[in-house]
Amino acid sequence: MINKFMEAAILEAKKSYQLGEVPVGAVIVKGRQIIGRGFNQKESANDATAHAEILAIREACKTLGSWRLDDCSMYVTLEPCPMCAGAILEARIKRVYIGAESDKSGAAGTVVDILNNSYLGSKTEVYFGIMEEECKTLLKDFFENLRR
């Protein structure tokens, strides 16, 4: 099941890639159903908050009719940044499955750890390395093409 949902997140990331955006995708799952999807749209929307995770959270909240995403899981192709990690906490998402680490702005333990920070009262379960090679390859290909 985990790979199935990460595959859905990768499909979202490919939408970003097609727009010339950094390819990051996210889905939110409750039970066995995807209730929110998002892909990075920062450049095309001219919106600093249009990260995949934020857009997926917005859609999931609309789907459930609540800002509380208790007992939901997020699958995201790249480790969330501090803004997205904060939104994950605020939405009360219980589990986050991550494809690739972000050594630049990862806020799930790589650079900082917002998702498991006792000062913030956060207790999000975090799992790294889900379809990691596929997620890394998508990012690597994007940046190689950008440099050309």
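In what follows, residues are counted from 1 in the order of the sequence shown. Worth knowing before you read on, the calculation uses all heavy atoms, side chains too, and leaves out hydrogens, waters and symmetry mates.
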Any donor-acceptor N/O pair, [X] side chain to [Y] backbone, under 3.5 Å:
| X | Y | result |
| --- | --- | --- |
| E53 | A87 | no |
| T63 | I35 | yes |
| N116 | A108 | no |

Closest heavy-atom pair and its distance - [X], [Y]:
| X | Y | answer |
| --- | --- | --- |
| R37 | A8 | NH1-CB, 4.1 Å |
| N40 | A52 | N-CB, 3.7 Å |
| I54 | C84 | CG1-SG, 3.9 Å |
| M6 | G99 | CE-N, 3.5 Å |
| A56 | A26 | CB-O, 3.9 Å |
| R68 | S66 | N-OG, 3.0 Å |

What's the spacing between [X] [atom1] and [Y] [atom2] if we round to 0.5 Å?
| X | Y | atom1 | atom2 | result |
| --- | --- | --- | --- | --- |
| C135 | L78 | SG | CG | 8.5 Å |
| E79 | C81 | CD | SG | 10.0 Å |
| H51 | E21 | NE2 | CD | 9.5 Å |

Using the rule that Ile, Leu, Val, Met, Phe, Trp and Tyr join whenever any side-chain heavy atoms are under 4.5 Å apart, tell me whether [X] and [Y] fall into a single cluster.
| X | Y | value |
| --- | --- | --- |
| Y75 | I34 | yes |
| M74 | L138 | yes |
| W67 | I57 | no |
| L139 | F128 | yes |
| V27 | L19 | no |

Could you check L64 against C72 for side-chain contact (heavy atoms from CB on, under 4.5 Å), going step by step and ending with a plain yes or no? CA-CA 11 Å; L64 294 182; C72 290; 4.2 Å; yes
Would a 4.5 Å heavy-atom cut-off, applied to side chains only, mark [X] and [Y] as touching?
| X | Y | answer |
| --- | --- | --- |
| V22 | F142 | yes |
| Y97 | V126 | no |
| P23 | T77 | no |
| I130 | I98 | no |

Applying side-chain hydrogen bond (donor to acceptor under 3.5 Å, both in side chains) as the test, list every pair that has at least one member in residues 126-142; sequence neighbours left out. E125-Y127, E132-K136
Evaluation steps, side-chain hydrogen bond (donor to acceptor under 3.5 Å, both in side chains), between S16 and Q41: CA-CA 7 Å; S16 295; Q41 298 176 52; over 6 Å; no
Quick check: are there more than 12 heavy atoms from other residues, nucleotides or ligands sitting under 6.0 Å from NZ of K30? yes
For E144, is the CD atom crowded, meaning more than 12 foreign heavy atoms sit under 6.0 Å from it? yes
After noting the C-alpha distance and the side-chain angles of L89 and S122, does the key distance pass the side-chain contact (heavy atoms from CB on, under 4.5 Å) rule? CA-CA 7 Å; L89 290 185; S122 55; 3.2 Å; yes
Which residues pass the salt bridge (charged side-chain N to carboxylate O under 4.0 Å, His left out) test with K94, sequence neighbours left out? D71
Kindly write out the residues that satisfy salt bridge (charged side-chain N to carboxylate O under 4.0 Å, His left out) with K15, not counting sequence neighbours, or none if the list is empty. E12
Which residues satisfy the side-chain contact (heavy atoms from CB on, under 4.5 Å) test with A107, sequence neighbours excluded? P82, A85, V112, I114
Pairing residues for S73 by the side chain to side chain donor-acceptor pair (under 3.5 Å) criterion, not counting sequence neighbours: R95
Qualifying salt bridge (charged side-chain N to carboxylate O under 4.0 Å, His left out) pairs with a residue from residues 100-118, counting only residues at least two apart or across chains: none
